[in-house]
There are 2 protein chains.
Amino acid sequence: MNIDLLKHAQVQAQLAAEPPKDPQIQALVNELISRVADKWTMIILDVLAEQGALRFTQLANKVTGISQKMLTQTLREMEREGLVTRTVYPVVPPKVEYRLTDLGLSLGAAFCGVWIWAEQNLGAIEQARAAYKLRNNQGNGK
Amino acid sequence: MNIDLLKHAQVQAQLAAEPPKDPQIQALVNELISRVADKWTMIILDVLAEQGALRFTQLANKVTGISQKMLTQTLREMEREGLVTRTVYPVVPPKVEYRLTDLGLSLGAAFCGVWIWAEQNLGAIEQARAAYKLRNNQGNGK
DNA sequence: CGGAATCCGGTACGATACTG
DNA sequence: CAGTATCGTACCGGATTCCG
């Protein structure tokens, strides 16, 4: 039964006063979001969702701009949270494959709306940035 | 169950053969996600989506654990991106109100799926964490 | 008095070098 | 190839100070 979830969605839609929601739950959810709402986590999640299984270096190439350290760290974190599985093949050239779990896939699906939003609003964001610059007298070097 | 999410999940599953996607667009979207996928941004976004308009201190109270500095900084960033509007009332006790723009509201709606996911999978994550601990025999003093 | 800018200590991050 | 180790740096958090 997803009544709570529907209620939550409706509340979001009408932006009104929040019904009695467990502040404890709220805090837990916030904490969970804090861990998951990381830029590297999100991008890795997306890449893995698209590519299926990938090796360490493959991942490093797909996720442009990440350092090995952060890649390792983020992958470990995601493994801890149960979002990815790490499979080590004990062969002479070491081979480690990363793959999303069902939990990871479901998060990817949930996050899909944000990617769509990002694609749709690229232009709007750029305009907003330009407008902000103007508002703050862009020429000011200070 | 949410049909859209399931459909997205299926699409994600078979995305290996994704149609020609512009790598330029991909990079831009990635960069945009990098800015938006920040834990404080997400939580502030959620609080503002629920509460409508809030003053600085109200926000500081609702967003548990944030420092004034990060709150100011994140709000400025969100203002730059066009997610929130900042209204200053030039009165004796200073009053500054923050409110989501349409863009911010749409992002909140897009991110709603992630909040629902978080609520649904709180238990699963905890279990995954416990399982990971066991796998790595936590007792190991390393 | 509320909101933001400033200084300072800690931590997380990036780049490089090294190991199995 | 897939990490770990080390170090310099940039960012984050806390307290203080400043401004309206």
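Below, chain A is the first sequence line, B the second, and so on; all start at residue 1.
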Peer 1: Could you please name the option among C:dG2, D:dG3, C:dA5 that lies closest to any side-chain atom of A:Arg76?
Peer 2: D:dG3
Peer 1: Restricting to non-hydrogen atoms, name the atom on A:Met42 and the atom on A:Trp115 that form the minimum distance, rounded to 0.1 Å.
Peer 2: O-CZ2, 3.9 Å
Peer 1: Can you find a donor-acceptor pair, distance only, under 3.5 Å between A:Lys69 side chain and C:dG14 base?
Peer 2: yes
Peer 1: May I have the distance from A:Glu77 (atom CD) to C:dA12 (atom P), rounded to whole angstrom?
Peer 2: 11 Å
Peer 1: Would you indicate what B:Val92 reaches in the nucleic acid, counting non-hydrogen atoms under 4.0 angstrom: base, sugar-phosphate, or nothing?
Peer 2: base
Peer 1: Give the intermediate values and the outcome of side-chain contact (heavy atoms from CB on, under 4.5 Å) for residues A:Asn30 and B:Val63.
Peer 2: CA-CA 9 Å; A:Asn30 267 25; B:Val63 184; over 6 Å; no
Peer 1: Could you tell me whether B:Gln68 contacts a base, only the sugar-phosphate backbone, or nothing, with contacts defined as non-hydrogen atoms closer than 4.0 Å?
Peer 2: nothing
Peer 1: Return whichever of B:Leu75 or B:Pro93 has its heavy-atom-nearest nucleotide of DNA chain C closer to the 5' end.
Peer 2: B:Pro93
Peer 1: What is the distance, to the nearest angstrom, from the NZ atom on B:Lys39 to the P atom on D:dC12?
Peer 2: 11 Å
Peer 1: Whole angstrom is fine here: how far is it from CD in A:Glu97 over to C1' in D:dC1?
Peer 2: 13 Å
Peer 1: A:Leu71 has an atom CG; how far is it from atom P of C:dC13, in whole Å?
Peer 2: 13 Å
Peer 1: Hey, is the side chain of B:Arg86 poking within less than 4.0 Å of OP1 or OP2 on C:dA4, counting only N and O atoms?
Peer 2: yes
Peer 1: Check A:Asp46, A:Val84, A:Leu75, A:Thr74 against A:Thr41 for a side-chain contact (heavy atoms from CB on, under 4.5 Å) and give me the one that passes.
Peer 2: A:Thr74
Peer 1: Ignoring the backbone of A:Ser67, work out which of C:dG2, D:dG3, C:dG14 is nearest its side chain.
Peer 2: C:dG14
Peer 1: Which is more 5' along DNA chain C, the nucleotide nearest A:Met70 or the one nearest B:Phe56? Just name the residue.
Peer 2: B:Phe56
Peer 1: Under 3.5 Å, is there a donor-acceptor pair linking the side chains of A:Arg86 and A:Tyr98?
Peer 2: yes
Peer 1: Using atom CD of B:Gln73 as one end and atom P of C:dC7 as the other, report the distance to the nearest whole Å.
Peer 2: 16 Å
Peer 1: With a 3.5 Å distance limit and no angle check, can you tell me whether B:Ser106 reaches the backbone of B:Leu103 through a side-chain donor-acceptor pair?
Peer 2: yes
Peer 1: With the side chain of B:Tyr98 defined as its heavy atoms from C-beta on, choose the nearest nucleotide among D:dG3, D:dC12, C:dA4.
Peer 2: C:dA4
Peer 1: Nearest to the side chain of B:Thr72 - D:dG3, C:dC13, C:dA5?
Peer 2: C:dA5
Peer 1: Grab the CG-P distance between A:Asp38 and C:dA12 for me, whole Å please.
Peer 2: 13 Å
